[in-house]
Structures are given as structure tokens and as C-alpha cells.
2 protein chains.
Amino acid sequence: MKRLTLEEIGKLAGVSRATVSRVINDYPFIRPEIRTRVQEIIDQTGFRPNSIPRSLVSSRSNIVGLIIPSVVQKVFTDPYFASLIYGIAQGCNRNNLVLSVYLFHSLEEKHNVIQTIVGTGLVDGMIVTGDNRDTEILDVFLNSQIPLVMVGEPDHSNVSFVDTDNYGGAYTATKYLIDLGFQRIGIIATEINKSSEDRLRGYKQALLDHNIAVDEHLIAWGNYTAESGYLAMREILPYRPDAMFSSNDAMALGCLRALREANIRVPEDMSLIGFDDLPQALQAEPPLTTIQQTIQESGCEAVELLLRLLNDDGPTPLRTILPNTLIVRGTTRAVQSQSNL
Amino acid sequence: MKRLTLEEIGKLAGVSRATVSRVINDYPFIRPEIRTRVQEIIDQTGFRPNSIPRSLVSSRSNIVGLIIPSVVQKVFTDPYFASLIYGIAQGCNRNNLVLSVYLFHSLEEKHNVIQTIVGTGLVDGMIVTGDNRDTEILDVFLNSQIPLVMVGEPDHSNVSFVDTDNYGGAYTATKYLIDLGFQRIGIIATEINKSSEDRLRGYKQALLDHNIAVDEHLIAWGNYTAESGYLAMREILPYRPDAMFSSNDAMALGCLRALREANIRVPEDMSLIGFDDLPQALQAEPPLTTIQQTIQESGCEAVELLLRLLNDDGPTPLRTILPNTLIVRGTTRAVQSQSNL
DNA sequence: TTGAAAGCGCTAACAG
DNA sequence: CTGTTAGCGCTTTCAA
């Protein structure tokens, strides 16, 4: 049973293919009985118009592309991306869009795939996430006609993006630790992108606002992986922090491991707060206190922004900053008087 | 700068659009100087033919769809899918295919999306993974013209699929435990699909082949999540196994947690083998001995099978069983004579 | 309110 | 070897 066409449906209903097209596209001025008749045939046959010629004539494929340019290791390990894809898929489904995902295994492949994307014009728009400092990707798309939305604020202004309130979240986390009574609060920071800088800024500002000097020894650098968090924690340990804020959960999990190895109990000997609220945060031992980022919602929102870009209403670029909230679990507790030795 | 067309390239090169098309598609009988001239214009302008009309005329979109029908929880937590997508993307890139990913957030959405996929005929073929017993998906695609490849053997015969050697892997793992000197070897099994049944079969056969009776008390059931592994391990503990084979790594991680809570040391008091070799297996405490499945390769191979289906050479259905290997890490060790009390 | 016809950008016969 | 022409299945004028 081969695929039907408008023409054939028209024949079955005794109308022209134009009329069938109108019925499908909810064109208002059709005689009701004709509409009914055509609709019946459509329902009986389960007809759906082929999307390719539709795209050809409308120059809209209804396909949105998603690029995750992170290195292999990250995509494999970081469930952040799983949540994100999930949210983006949701946004697509709601808006009858198809999601095409582009992943690379080498720089050369990245280059080729990007060129193909812009060259063949299959997608209506792109969502890019991961390393927001990938200049090649940004350059190529900004110089193309393809609308772009980033997940995570890029350095480049003039780009539409959605991000969580990085500064605010970090500030909240740090302030919470301060309120718990801690004074030597360390941070596992990253320099990957603007978002991570904002988290560092939030941390510093919270300290400053509470008259705690920023101690560079209590700042260690990671790259968002659990492994890097582990290493960073070990670096910082000699400087005897009494609490830690990790710029993401994956690294916080690494911290937890480093602390376990060093026989430092959490939360008895050290409090720890993460950022993201991955599923793993809940499963950690003990469950991780963290800043809950609505990753899935970010994904949805990215699609919505893209859609607005495509229908170009309003000024561009578009920005959405989503709020986040502190989720208190098992890795934090107030300073105990007897532990002040 | 709007998108160029064949016609315009032709004008620039002083030839017809048909000739340009021929140059692009490597048609052999073109005068070399013409080919060169056209190619120069193409290179200068960076022209790439639009993929939509190409698809229209060739009735090949070069888009392959991927469905991951697992419940929310799984996709979020299980990096198996991340590895798999990564492999599938690799297969697509190699073959100049675009990967479109379909995820669902409700049964209704699943239904709608599936109908849209088959109805609009955008994709050339589908790869389906996750719960291989989803009859709706299988039914719909088997009754459509859309070629289908499953990742993981389905119950339904007559479907092409790629899978790891589940039986063999389980057999190897169990035999290894036996060779280590264990006699009361338990298993965390699942009933999700054929693959999991094969793993159970491999386990049983290894026992039988070494004259160890299968003890139903040492079989507990999970659903591939870490949480279910945790619960299953707790169920089995009273029956005092001395070693465990977990049907996947995620559940093995759950086992590890249950054992830690029960103050059972691994590997001193209990040996444990997983299945998959996820990145987390390496990071576990202690690093997990496991059956290494080349998940990424499975993804690649699924694409290759689909391609063969599309070019319909050879008989159908197509099957690929990929080998796997035991990776010995920190959760297994030989029975110590003094621990035999 | 509907049908006929043009055309989206490309490929593939078919002439020449 | 290359250009002309006819479509792929759909939407959208334009007439009627």
C-alpha cells in the first residue's frame, strides 16, 4: 500500500487536490458538506500529507537542529544533556517540530557537519549547547540565515539564549552556607563559559556581602566532570575549607569521592552544595544539597525562543533567564559548636 | 545573501542547471573543462544543493529516525542511551545521514508522534531501542513501508536487529565467578526483553555446566535501574550469596550501595560483576568488574543495517550479534581459604 | 467557494 | 556530452 497523494484523496472525494489541501490546512471558506466529505476520506484512509513537498513549497521544514559540541567524555557521563534533550524534545512535540541531533566525534567531523547543516538548509533553526565558546559554530550560524538559540549564555552578545540564573543560584548557595555558620567556604569553579563565571561571581559576592574575604586558596578549577571535581577537591583540601560550593553536581559527586577517601564525613565534617540537581544528586551518599535548575524547562524554552525567532515578532536577540531554587538534602548542616576546634 | 539554486550556478558558469546537477552528482560523462568551470563556481560560492527538493525527487530524505520509548526515569539516568546515541550519530555522519530523535513524555504523545512519523514519511528508516516489547511501535512500523532496525533483540521474529551476545556475556561472567571459587552465585535478572532472558539463560547454563544447581532464592528481579538493583540486592541478601552477577551496570551500582549499607565489603566479602561497562563502572567504588558491551558500536551497526535494508540487498531480516568481553576490575577476587567459614 | 495552473529546486529521461 | 523538458507532491495565486 503505497503512500496516497492529495490528488488521489481528491479523486476519492470528488474534488480537486486544491480543495483537499484547503481542508487539511483549515482554510475557512469551504462549503461544510464538502469539508465533511473530504475529511471523511482523510480519516478513512488515514491520509497525512507528505512533509517533503510541503517543506519545498513553504520553505519551512519544521525541523530544528540540536548541536551538542561537547567532547566525548562529557556527553557520555553528564546526564545534564539527557535532561536537556528531553526538554527540547518536549518543546518540539508540542509545536509539531522534528528534532534532529548533531553529534561529533572529531573536529573534522564537526566542521563537515556544520557546513552541511548550513549548506543544505534542511533545518529551520538551531539550538546549540555545551561549550558556548565554540567560535566556529557561532560564527558559522551567525553568518548564515539560520536562526540560533543557545542554551547557556555565550560571550558573544547578539545571540538569543536561555539560561538559568547562574549568579543568583550561586549567591543563594553560598549565602546558605554562610547562614549555616561557615566561614571558610571553598568553590570548585570552571572557566568554560559565561555561566560558570557568573556562578563564581555569585559566590564571591555572597562572601563579600557578609564580610568574608575571598581566599584564592579556596578556589579550585574543574571542567564540569566528576573527575575534575575529584581532583579540584583534593587540591583544596590542604587549605582546610569547612564547606564547599561546587559549580555543578557532577563535580560535587567527585568532591564527595575525594572527601570519602580523605575520611572527611559529609555533612558532619564538611558541608557541600552542588548546582543542577541531576537525578544522581538524589542518589548520592548522602543525597546532595544543590541548586535545582529546571533543565528540562530550559530545553522547552529554547524551542519556544527559536519559534519566536522564526516568526520574527519582536526585537532580537531574545533572552530567557530561568529561576532556580535551593534544595536542601543531606550534604549540608549547620556548624555544630563542638566541631569548632 | 539568500540561498543559491542550481539555475543560478548554471548561469554563472554558462551552463544549464542540469549540467550543474551532473557535476554535483559525479555523473561521469562531462567535458573536463566544463566540470572544472562549474566546480570552480561551486567552490567560490560555497554552493550546496538544497536537500528538500532533492528528497522530493529522489524520495529519499536521508533522515533516519531514532525512537527511545523508555520511561522518563530511564532515559534520564541511564548513560547507556547516551553512548548509543553517540554511536548512532557516528554511523549517520559516516553515511551522510541526518539523525532525528523522537522522545515521548506520555503515551498519548507517543501515539501521536508515531503516527506523524509514518504518516508524513519524513524519515527513510527507523531505529528503535529501549523497551523492545512495545507492541504499538513495532506494529505500526512493521505495517508501514518504513524499514526498521531494533537495538536489542525483540520477541518478534522477522525484525532486523543488532544486539550484544547476551547469553555469551552472562555465561562468561558466571563462569568467571565459578572459576574464582564461588558456589552461591546470585543474579539480578530482568524480564524486560529477550536480551535479559538470554542473560539469565547464560547464567543458568554456566552453573549447570559446572554442576551447580540453580537456586531460585538467588535470583532477584530488577528493571535495569540502579534503584531496582538496590532493592533486589536487599532481597537476596538473606540467602547469603557469595558472589553476584547483575544483568547490567546500573543495577550493579545499586547492589554496591545495598552492600555498603549492609557492611558487606566488596570484593573481600562478596564479588560482583555487572554488564555493559558504562563510564560509571570505572568510577564506582571499587571500580566494577563487568562485561564490556560495545554500545557505541551497536549504534553504528544499527545504522549500517538500516542502510542495507534501504538498499535492499540480501534477505531480510538482518541480524548482528556483537561480541563482548569480561573486564576485570575491583569488585571480584578469588575465594580466600580463610573466608570459607 | 472551488478548480486550473503555476511553481518551489531538484533530478532524470529524452533529444540532439 | 549537454540542454530542454517533465515531473516529484504540495500550496497558492488567479479566474471563474
Worksheet, complete the sentence: For A/L4 and A/F47 the tightest heavy-atom approach is O-CE1, 3.4 Å

Discussion item. By the 4.0 Å heavy-atom rule, please label B/I34 as base, sugar-phosphate, or nothing.
Written reply: sugar-phosphate

Practice prompt. Let me know the distance between CD of B/E7 and P of C/dG7, rounded to the nearest Å.
Written response: 13 Å

Discussion item. Is any side-chain heavy atom of A/N193 closer than 4.5 Å to one of A/E153?
Written reply: no

Worksheet, complete the sentence: Tightest non-hydrogen contact, residues B/I146 and B/I117, listed as CD1-O, 4.0 Å

Worksheet item: What is the distance from CD of A/E8 to C1' of D/dG9, rounded to the nearest Å?
Response: 10 Å

List, with names and distances, any nitrogen or oxygen atoms from the protein found under 3.5 Å away from nitrogen or oxygen atoms belonging to nucleotides 11-13 of chain C.
{"unit_1": "C/dT11", "atom_1": "OP1", "unit_2": "B/N25", "atom_2": "ND2", "d": "3.3"}
{"unit_1": "C/dT11", "atom_1": "OP1", "unit_2": "B/R54", "atom_2": "NE", "d": "2.7"}
{"unit_1": "C/dT11", "atom_1": "OP1", "unit_2": "B/R54", "atom_2": "NH2", "d": "3.1"}
{"unit_1": "C/dT11", "atom_1": "OP2", "unit_2": "B/S21", "atom_2": "OG", "d": "2.7"}
{"unit_1": "C/dT11", "atom_1": "O4", "unit_2": "B/R17", "atom_2": "NE", "d": "3.2"}
{"unit_1": "C/dA13", "atom_1": "N6", "unit_2": "B/R22", "atom_2": "NH2", "d": "2.9"}

Practice prompt. Could you tell me, to 10°, how much the axis swings from one end of the helix from C/dT1-D/dA16 to C/dG16-D/dC1 to the other, five pairs per end?
Written response: 50°

Practice prompt. Give the rounded distance in Å between these two atoms: CG of B/L56 and P of D/dT11.
Written response: 12 Å

Worksheet entry | Verdict with supporting geometry, B/S160 and B/T316, side chain to side chain contact (heavy atoms under 4.5 Å, CB included) | CA-CA 7 Å; B/S160 298; B/T316 174; 4.2 Å; yes

Discussion item. Centroid separation under 6.0 Å, is that true for the rings of B/H111 and B/F104?
Written reply: no

Fill in: Audit row: B/I42, B/Q39, side chain to side chain contact (heavy atoms under 4.5 Å, CB included) steps and yes/no
CA-CA 5 Å; B/I42 290 174; B/Q39 192 58 56; 3.9 Å; yes

Practice prompt. Write down the distance between CZ (B/R60) and C1' (D/dG9), rounded to a whole number of angstrom.
Written response: 19 Å

Worksheet item: Can you tell me if the side-chain N/O atoms of B/T19 get under 4.0 Å from OP1 or OP2 in D/dT2?
Response: no

Practice prompt. Would you tell me if any nitrogen or oxygen in the side chain of A/S16 comes within less than 4.0 Å of OP1 or OP2 on C/dG3?
Written response: yes

Practice prompt. Quick one: label A/I30 by what it contacts on the DNA or RNA (base, sugar-phosphate, nothing), any heavy atom closer than 4.0 Å.
Written response: sugar-phosphate

Worksheet item: Is there a side chain to side chain contact (heavy atoms under 4.5 Å, CB included) between B/F141 and B/V159 once you walk through the steps?
Response: CA-CA 10 Å; B/F141 286 109; B/V159 182; over 6 Å; no

Discussion item. Just the rounded figure in Å: distance from P of C/dC10 to CZ of B/F47.
Written reply: 4 Å

Item to complete: Round to the nearest Å and state the distance from B/Y27 atom OH to D/dT2 atom C1'.
Response: 9 Å

Worksheet entry | Candidate pair B/H156 and B/L142, rule side chain to side chain contact (heavy atoms under 4.5 Å, CB included), full reasoning | CA-CA 10 Å; B/H156 206 296; B/L142 290 179; 3.8 Å; yes

Item to complete: Quickly work out the B/E33 CD to D/dC1 P distance and round it to whole Å.
Response: 10 Å

Fill in: Spacing between A/N62 atom CG and D/dC10 atom C1', to the nearest angstrom
14 Å

Worksheet entry | A/P147 side chain near A/L306 side chain, heavy-atom distance below 4.5 Å | yes

